[in-house]
Amino acid sequence: MTFNAVHLTKNPTGASVEPSGAPGVAVAALDAEKPPVPLWVRSGRAVRGIVTHEHTRTAGRLAVRHSMYAVGGARIVARRTWEGRTATRYERMLRAAEAAGNYEVAAEWEERGQRFREARHRRRMDLLAAPVDAAKSVLVGTGMGIGSLVALGVVLAIANKDAADVVTPLMAVVELVRLLIVIVTVVWGPAITIGPFLALLALWAVGRHQQAAPNWALPAAVRNGEGEPITPSIVVKALRDLGVPALGRAIKEMGDAGASMLGPIRIAGCGVEVDVTLPSGVSTIEVQNRRRKLAENLSRHEHEVFITIPQAARTVRLWVADSGALDEPIGPSPLVTDETMTADYAKGRAPWGQDLRGDAAAISLYQRHLLITGLSNQGKTVALRSLALWVALDRSVQFLMGDLKGVGDWAMFEGLAKVLIQGPTDDHVIQVTEMVESAVDEMNRRLQAPPGTVFPALIVLVDEAQVAFMCPVKDDEKRPYGGSKANSRYFMAVRKIHNQGRAVNVLMWQGTQDPTDQNLPKLVREGAHTRASLALGTESQARMALGDKAVDGGAAPNLLRPGLDRGTLVVASDGIAIPAGQASITVRTHYIDDDAAVAITDRAKALRDGVTTVTVIERGEERDPLADIASVVGTAERVRTKDVLARLAARNADAYGKWSFLDLKRVLDGTGAEPYKSDGVMVVARDRVARALANRDADGSASAA
């Protein structure tokens with residue numbers, strides 16, 4: 001053999017190599033010696049290729065689908081016929097009512113079933129006497145008919161004077177009967193042939209309407225459930241297959257009448273809503289914990305199904321979105337579209353977005369501390385800023401702002417906020433802390449004012465507050481700025497405002513990322529009246545953000561999709577309309593970009609006399625009180641003395657934090673810029689202060705000369 005004529009050598013690794021001088025000979029010999037592939041193997045491969053081809057599989061699904069439509073239609077028609085002739089339907093509804101614990105309805109269905117049986121018994125008794133009655137009717141009818149025809153013939157014979165006309169009507173009837181027999185004889189054959197096909201077509205139509213075929217054989221759109229409407233039977237099947245044994249057993253006992261568990265299916269925004277009364281022995285938490293499976297059973301994604309707990313016992317409320325509806329953006333904010341809009345901090349509500357029903361979601365900010373949290377880059381700053389933009393349109397509201405990210409998200413508030421600190425460094429944290437502490441001093445001053453004194457709202461806003469809580473820097477007295485201990489300066493300042501600020505309209509708003517016990521202490525997060533959360537990673541974070549009550553009631557920001565549900569908030573607050581029995585509401589917030597925010601703040605600035613914004617809180621240096629007074633008065637024609645004091649304290653808490661009216665008067669006395677009364681309040685005039693400052697500088701220059 002050729003194989004024996006060529007000797008293969010091996011290299012040191014043991015692999016066979018060709019001998020020198022004969023390249024390719026061994027390989028060619030081996031190929032020549034390979035046995036041919038049997039015909040049956042090649043045929044099998046070809047058959048397998050044909051069977052597994054997509055066209056073949058599509059044709060197979062098509063054949064099975066339409067065949068099962070006919071089989072399923074026959075089964076459905078048979079069941080309907082059986083139920084129409086028996087008391088099966090009444091028995092099923094009776095069991096359903098008993099399983100749901102509704103014994104009054106069960107008694108009603110039992111009574112209906114008994115009436116049906118009595119009526120059926122009467123019909124059967126009537127059928128026993130029917131043959132005799134029918135025979136009598138036929139004999140009487142036949143006799144009367146023949147008699148009438150003969151009488152008609154007699155009349156014709158008399159009229160025509162021809163005795164043969166007596167049988168003419170009778171013969172006409174006989175001819176008609178013969179003609180009908182001929183017609184039936186002609187039609188009967190094709191009817192016998194076509195009839196079964198028509199019946200099969202009718203059964204196929206019933207099965208196709210009910211989609212009575214295996215799921216794998218259905219069309220892709222139906223199999224995927226895209227756009228499938230939510231019906232009672234679909235909800236019942238989804239609950240039955242949820243994997244809760246007691247629920248599954250109860251529904252099986254009810255049969256298809258498990259729909260008696262359901263309330264009306266109501267259109268709710270871009271979806272539908274239905275209340276489900278669970279059978280005895282099934283807890284609402286068992287359904288809540290299977291949200292993903294329930295959504296898949298309803299042919300929806302997990303984020304398109306929300307489960308809440310209404311007031312009724314043993315009841316869950318399901319809100320099921322239309323497929324893909326939550327991925328559609330909502331419209332622009334009224335703050336952008338309505339350039340004439342103003343705000344009323346005390347009585348108004350900020351337009352924040354839309355709830356899942358598609359209704360406008362507006363929130364009251366009056367005397368409510370605010371906390372918004374969520375993962376990074378989910379729209380926290382935009383959601384927080386949109387509330388500040390609305391309340392800025394109330395000219396009485398004052399702002400102290402700290403942005404510990406420092407990328408310009410809040411830059412448009414320069415000229416609106418009394419203080420605006422922007423930056424991520426430890427020094428910025430120190431300045432923000434001192435800003436919050438100055439708000440505490442203002443709060444204490446207001447608390448000591450005469451009873452009945454009304455104060456304008458002072459909103460202390462800190463974005464990226466986790467930077468402040470995590471700051472490791474300590475002051476000269478070894479007190480940390482960050483942390484959550486009793487000597488932590490930022491933490492204690494926030495706690496003081498939470499404890500007493502609401503009474504005098506000093507409010508704390510905070511935005512923070514990725515809440516933990518380290519970057520958002522428990523006492524701080526629980527001090528907020530309005531708590532909102534974007535997408536989070538875990539349920540424990542959701543409890544930190546919203547509290548146990550909201551999460552136990554169905555709030556689940558941890559189930560929002562990071563990136564895809566950007567701007568969607570779960571809100572727990574008494575300042576927003578929440579459906580009865582629920583502890584939270586999901587809001588899709590309006591997106592207001594930087595350009596639109598600048599336009600809104602320009603409108604807000606036009607409503608005010610002018611605000612001098614302090615961007616750096618200076619510490620530990622000699623102060624020029626008269627120059628500082630001129631600076632905080634700014635461009636306003638006149639400023640109330642208490643506002644001058646507040647602005648000085650914000651500018652430098654160390655120098656002016658404890659100033660009173662007497663200190664201000666002491667500095668201005670003898671300068672020509674003394675405070676005076678205008679419209680019943682003490683004010684400081686801009687021109688007088690500027691003139692006093694100019695005269696002083698001129699005197700100083702002359703002396704120097």
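Side chains included, hydrogens not; waters and symmetry mates left out as well; all remaining heavy atoms used.
Inspection of the Asp514 and Gln541 side chains reveals an N or O donor paired with an N or O acceptor under 3.5 Å. Judged purely by distance below 3.5 Å, without hydrogens or angles, the side chains of Glu414 and Thr613 never pair a donor atom with an acceptor atom. Judged by distance alone, the side chains of Tyr481 and Asp426 never bring a donor and an acceptor atom under 3.5 Å apart. With hydrogens and angles left out, the side-chain atoms of Asn695 and Arg691 include no donor and acceptor closer than 3.5 Å. Using a 3.5 Å distance cut-off with no hydrogens or angles, the side chains of Asp463 and Thr381 do pair a donor with an acceptor. At a cut-off of 3.5 Å, with distance as the only test, no side-chain donor of Gln448 or Asn444 sits close to an acceptor on the other residue. Checking Asp338 against Thr340 by side-chain atom types alone, a donor-acceptor pair falls below 3.5 Å.
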Would Arg647 and Asp628 count as a salt bridge (Lys or Arg N to Asp or Glu O under 4.0 Å) if you check the C-alpha gap in whole Å, the side-chain angles of each, and the deciding distance to 0.1 Å?
CA-CA 9 Å; Arg647 295 178 186 182; Asp628 287 343; over 6 Å; no

I'd like to know whether Asp594 forms a salt bridge (Lys or Arg N to Asp or Glu O under 4.0 Å) with Arg385, so could you lay out the CA-CA distance, the side-chain angles of the two residues, the decisive distance to 0.1 Å, and finally the verdict.
CA-CA 10 Å; Asp594 291 347; Arg385 189 175 67 184; 2.9 Å; yes

Pair Arg588-Asp565, salt bridge (Lys or Arg N to Asp or Glu O under 4.0 Å): steps then yes or no
CA-CA 9 Å; Arg588 303 172 69 197; Asp565 289 327; over 6 Å; no

Checking Arg489 against Glu437 for the salt bridge (Lys or Arg N to Asp or Glu O under 4.0 Å) test, could you report, in this order, the C-alpha distance in whole Å, the side-chain angles of both residues, the deciding distance, and whether it holds?
CA-CA 8 Å; Arg489 293 181 59 177; Glu437 289 175 337; 2.7 Å; yes

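Looking at His590, its side chain never comes within 3.5 Å of a backbone N or O of Ile330 through a donor-acceptor pair. When atom types are taken as modelled, the side chain of Arg502 and the backbone of Gln367 share a donor-acceptor pair closer than 3.5 angstrom. Under a 3.5 Å cut-off, the side chain of Thr373 and the backbone N or O of Ser533 do not form any donor-acceptor pair. With hydrogens and angles disregarded, no donor-acceptor distance shorter than 3.5 Å links the side chain of Arg395 to the backbone of Ala606. In this structure, Arg495 contributes its side chain and Leu523 its backbone to a donor-acceptor pair below 3.5 Å. With hydrogens and angles ignored, the 3.5 Å screen pairs no side-chain donor or acceptor of Arg640 with any backbone N or O of Val684. For Thr601 (side chain) and Ala597 (main-chain N/O), a donor-acceptor pair under 3.5 Å exists by modelled atom type. The main-chain N or O of Val504 is found under 3.5 Å from a side-chain atom of Arg446 such that the two form a donor-acceptor pair. Using a distance-only test at 3.5 Å, with no hydrogens or angles considered, a donor-acceptor pair links the side chain of Asn519 to the main chain of Thr516. Judged by distance alone, the side chain of Ser573 and the main-chain N or O of Gly575 form a donor-acceptor pair under 3.5 Å.
More than 12 heavy atoms of other residues, nucleotides or ligands sit less than 6.0 Å from atom NZ of Lys605. Within 6.0 Å of the CG atom in Asp679, the count of heavy atoms belonging to other residues, nucleotides or ligands does not exceed 12.
Salt bridge Asp663/Lys658: absent, no basic N to carboxylate O contact under 4.0 Å. A salt bridge is absent between Asp687 and Arg638: the closest approach of a Lys/Arg side-chain nitrogen to an acidic carboxylate oxygen does not fall below 4.0 angstrom. By the 4.0 Å N-to-carboxylate-O rule, Lys405 lies close enough to Asp409 to be salt-bridged with it.
How far CD1 of Ile629 is from CG of Asp624: 9.0 Å, rounded to the nearest 0.5 Å.
For Ser376, the side chain to side chain contact (heavy atoms under 4.5 Å, CB included) criterion is met by Gln513, not counting sequence neighbours. The side chain to side chain contact (heavy atoms under 4.5 Å, CB included) search around Glu273 returns Arg266, Ala268, Arg317, Trp319, Arg357, not counting sequence neighbours. In this structure Ala649 satisfies the side chain to side chain contact (heavy atoms under 4.5 Å, CB included) test with no other residue, sequence neighbours excluded.
Between Trp410 and Phe413, the ring-plane angle classifies as tilted under the 30° and 60° cut-offs. Using a 30° and 60° split on the angle between ring planes, His529 and His369 fall in the parallel class, below 30°.
Minimum interatomic distance between Glu464 and Lys380 (heavy atoms only, all atoms of both residues): OE2-NZ, 3.0 Å.
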